[in-house]
Amino acid sequence: RMIFIGAVGALTETFRLGDICTPVYSISGSYADSYLMKDSIKENMLFKKDVPDIEYVDKAIEIGRKKGYFIRKASVFCTPSIALEYVHLDEIKSFDTDLIEMETSSFYLMTDLFELPGIALLVVSDNSANGAALVGRTEEQQQQYDYGKRVVLPDMIIALAAE
């Protein structure tokens, strides 16, 4: 099995800081993925939808549920930029994705390459739709984020590794 953990920005108001999410698909906004799965880098994989092993994802969500965690399925847009996505945020939102981050499309290509089931567990760190920023969080927002990051994610890694 492969497990990826990370932080993710929310693009819709339905996500709170600290929510734990997992992609049902990741849309690649990066040309780098062409290096992973194509014979030639000239074969463009931009905006390809990468889908995880949903059976394994559902199993991991059930393990979390039994531990009292609510892990949300969501769609993700992956961008290679840590800053410039804000210039294109409206266009990115037109892909009808819930979340934005940088790695899960490549991660799911790697699970295919290694022929292993995998799951990305992402903690919501900010939300551009409701103004919950990376910096200047309220004390409650910081506590929610810290709980997801410092309690749920490590516990889920241990639980999934023990399976």
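Hydrogens, waters and symmetry mates play no part in the numbers below; they use all other heavy atoms, side chains included. Numbers here simply count residues along the sequence, with the first being 1.
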Colleague: Closest heavy-atom contact between Pro23 and Ala120?
Modeller: CD-O, 3.5 Å

Colleague: Side chains of Ile63 and Tyr69: closer than 4.5 Å at any heavy-atom pair?
Modeller: no

Colleague: Would you say CZ of Arg137 has more than 12 non-hydrogen atoms from neighbouring residues, nucleotides or ligands within 6.0 angstrom?
Modeller: yes

Colleague: For Glu62, I'd like to know if atom CD has over 12 heavy atoms of other residues, nucleotides or ligands within 6.0 Å.
Modeller: yes

Colleague: Taking all atoms of both residues into account, what is the closest heavy-atom pair of Tyr108 and Asp50, and its distance?
Modeller: CB-CB, 4.3 Å

Colleague: Taking all non-hydrogen atoms of both residues into account, name the closest pair between Val123 and Tyr145 and its distance.
Modeller: CG1-CE1, 3.8 Å

Colleague: About how many Å separate CD1 of Ile119 and CD1 of Ile157, when rounded to the nearest 0.5 Å?
Modeller: 11.0 Å

Colleague: Please determine which of Ile20, Ile71, Thr104, Thr22 meets the side chain to side chain contact (heavy atoms under 4.5 Å, CB included) test together with Leu122.
Modeller: Thr104

Colleague: How close do Ala10 and Val124 get, counting heavy atoms only, and between which atoms?
Modeller: CB-CG1, 4.1 Å

Colleague: I'd like to know if the side chain of Asn127 reaches the main chain of Thr12, judged simply by a donor and an acceptor atom lying under 3.5 Å from each other, with no hydrogens or angles considered.
Modeller: yes

Colleague: Examine Val151 and Phe70 and state if one hydrophobic cluster contains both, with Ile, Leu, Val, Met, Phe, Trp and Tyr joined whenever side-chain heavy atoms are less than 4.5 Å apart.
Modeller: no

Colleague: Rounded to the nearest 0.5 Å, what separation is found between the OG atom of Ser105 and the CZ atom of Phe77?
Modeller: 9.0 Å

Colleague: Heavy atoms, side chains only, cut-off 4.5 Å: are Asp58 and Lys73 in contact?
Modeller: yes

Colleague: In Å and rounded to the nearest 0.5 Å, what is the OG to CG distance from Ser26 to Leu99?
Modeller: 9.0 Å

Colleague: For the side chain to side chain contact (heavy atoms under 4.5 Å, CB included) test, which of Leu11, Ile27, Thr97, Asp96 pairs with Ser75?
Modeller: Thr97

Colleague: Report the distance from atom CD of Gln143 to atom CG of Leu17, rounding to the nearest 0.5 Å.
Modeller: 12.0 Å

Colleague: How long is the span from the CG atom in Leu113 to the CE atom in Met2, to the nearest 0.5 Å?
Modeller: 8.5 Å

Colleague: Locate the shortest heavy-atom distance separating Thr111 from Gly118; write the atom from each residue and the value.
Modeller: CG2-CA, 4.0 Å

Colleague: Let me confirm one number: the CG-OH distance from Leu153 to Tyr147, rounded to the nearest 0.5 Å.
Modeller: 11.0 Å

Colleague: Are any of the side-chain heavy atoms of Phe15 and Val8 separated by less than 4.5 Å?
Modeller: no

Colleague: Should the pair Arg16-Asp19 be classified as a salt bridge under the 4.0 Å nitrogen-to-oxygen rule?
Modeller: yes

Colleague: Is there a path of hydrophobic side-chain contacts, each under 4.5 Å between heavy atoms, that joins Ile158 and Ile5?
Modeller: no

Colleague: Test side chain to side chain contact (heavy atoms under 4.5 Å, CB included) on Glu101 and Cys78; report intermediate values, then the result.
Modeller: CA-CA 5 Å; Glu101 54 83 70; Cys78 295; 2.8 Å; yes

Colleague: Where do Glu163 and Arg1 come nearest, in terms of heavy atoms and distance?
Modeller: O-NH2, 2.5 Å

Colleague: Are Leu121 and Leu160 close enough that some pair of their side-chain heavy atoms sits under 4.5 Å apart?
Modeller: yes

Colleague: Honestly curious: do Ile100 and Val51 fall in one hydrophobic cluster under the side-chain, below-4.5 Å linking rule?
Modeller: yes

